[in-house]
Amino acid sequence: QVQLVESGGGLVQAGGSLRLSCAVSGRTFSSYAMGWFRQAPGKERESVATISRVGGITYYDDSVKGRFAISRDNAKNTMYLQMNSLKPEDTAVYYCAARAAAVPTMTPVDYDYWGQGTQVTVSS
């Protein structure tokens, strides 16, 4: 079993920055491709950014390209999402997820384990 715990969410003004973290325990972190997803009220869960097992492959949704950066530290069993130039439309619950594969996808159903989520609210 894999446990994922997100942290770093909060309230920030538009244009500000936040850094999310996802701490993983229970299995070898480097065995999993990882991803960040988000869900706003009344909307479906959507992909934000994903990363391969060793970090060499990353994917981003067009809405966050150039503003967000995904990374991972396999020695610390932790994944990160640096979010800059935040916009009100980035407001959502952000989830991290793990996929038992080398290569990530941008499809939520492809992921095997999920965290509980952390709220990000961007005020205008």
Side-chain angles (χ1 to χ4, degrees):
Q1 191 70 11
V2 177
Q3 294 82 40
L4 297 84
V5 179
E6 303 95 336
S7 61
L11 174 63
V12 63
Q13 288 188 331
S17 298
L18 284 173
R19 188 193 196 202
L20 305 184
S21 298
C22 174
V24 179
S25 61
R27 287 292 188 268
T28 304
F29 179 60
S30 59
S31 298
Y32 296 89
M34 300 291 297
W36 287 100
F37 300 83
R38 66 187 180 188
Q39 188 166 18
K43 295 187 177 182
E44 292 187 355
R45 191 168 297 187
E46 62 180 12
S47 59
V48 176
T50 61
I51 189 167
S52 60
R53 287 194 302 198
V54 294
I57 299 171
T58 57
Y59 299 125
Y60 294 91
D61 186 80
D62 287 344
S63 65
V64 305
K65 281 181 181 177
R67 301 189 297 123
F68 291 11
I70 189 171
S71 61
R72 64 189 294 164
D73 186 337
N74 286 352
K76 295 183 178 180
N77 290 354
T78 304
M79 176 180 65
Y80 305 98
L81 185 68
Q82 178 66 43
M83 305 187 295
N84 300 325
S85 302
L86 281 160
K87 304 175 181 180
E89 51 263 44
D90 294 318
T91 295
V93 177
Y94 283 69
Y95 299 90
C96 66
R99 179 174 189 247
V103 180
T105 73
M106 295 290 274
T107 305
V109 296
D110 291 339
Y111 287 75
D112 303 293
Y113 303 99
W114 292 82
Q116 293 298 307
T118 185
Q119 176 70 47
V120 172
T121 303
V122 184
S123 63
S124 57

Problem set entry | K43: salt bridge (Lys or Arg N to Asp or Glu O under 4.0 Å) partners, not counting sequence neighbours | none
Check: residues 12-25 side-chain donor-acceptor pairs under 3.5 Å, at least two apart:
{"from": "S17", "atom 1": "OG", "to": "N84", "atom 2": "OD1", "distance (Å)": "2.9"}
{"from": "S25", "atom 1": "OG", "to": "Q3", "atom 2": "OE1", "distance (Å)": "3.3"}

Problem set entry | side-chain hydrogen bond (donor to acceptor under 3.5 Å, both in side chains) partners of residues 85-104, not counting sequence neighbours, each pair once | R38-D90, R38-Y94, R67-D90
Exercise. Where do A92 and A40 come nearest, in terms of heavy atoms and distance?
Worked result: CB-N, 3.8 Å
For this session: Flag yes if V2 and M79 sit in one hydrophobic cluster, no otherwise; membership is Ile, Leu, Val, Met, Phe, Trp, Tyr, and two members link when side-chain heavy atoms are under 4.5 Å apart.
Result: yes
Exercise. What are the two closest heavy atoms between L81 and A49, and how far apart are they?
Worked result: CD1-CB, 4.3 Å
Exercise. Judged by atom type as modelled, is there a donor-acceptor pair below 3.5 Å linking the side chain of Q116 to the main-chain atoms of E6?
Worked result: no
Problem set entry | Any pair counted as ring-ring contact (aromatic ring centres under 6.0 Å, His included), so long as it reaches residues 36-71, sequence neighbours left out | F37-Y111, F37-W114
Exercise. Any donor and acceptor pair, going by atom type alone, linking the side chain of D110 with main-chain N or O of T105 inside 3.5 Å?
Worked result: no
Exercise. Can you list the residues that meet the side chain to side chain donor-acceptor pair (under 3.5 Å) rule with N74, with sequence neighbours excluded?
Worked result: R72
Problem set entry | Worked verdict on M83 versus V48 for side-chain contact (heavy atoms from CB on, under 4.5 Å) | CA-CA 11 Å; M83 305 187 295; V48 176; over 6 Å; no
For this session: Could you name each residue pair satisfying salt bridge (charged side-chain N to carboxylate O under 4.0 Å, His left out) that touches residues 52-62, not counting sequence neighbours?
Result: D62-K65
Exercise. By side chain to side chain contact (heavy atoms under 4.5 Å, CB included), which residues pair with S71, not counting sequence neighbours?
Worked result: Y80
For this session: Name all residues meeting the side chain to side chain donor-acceptor pair (under 3.5 Å) criterion together with T121; count only those two or more places apart in sequence or in a different chain, and write none if there are none.
Result: Q119
Problem set entry | Hydrophobic cluster partners of L11 (side-chain heavy atoms under 4.5 Å) | none
Exercise. Do F29 and K76 have side-chain heavy atoms sitting under 4.5 Å apart?
Worked result: no
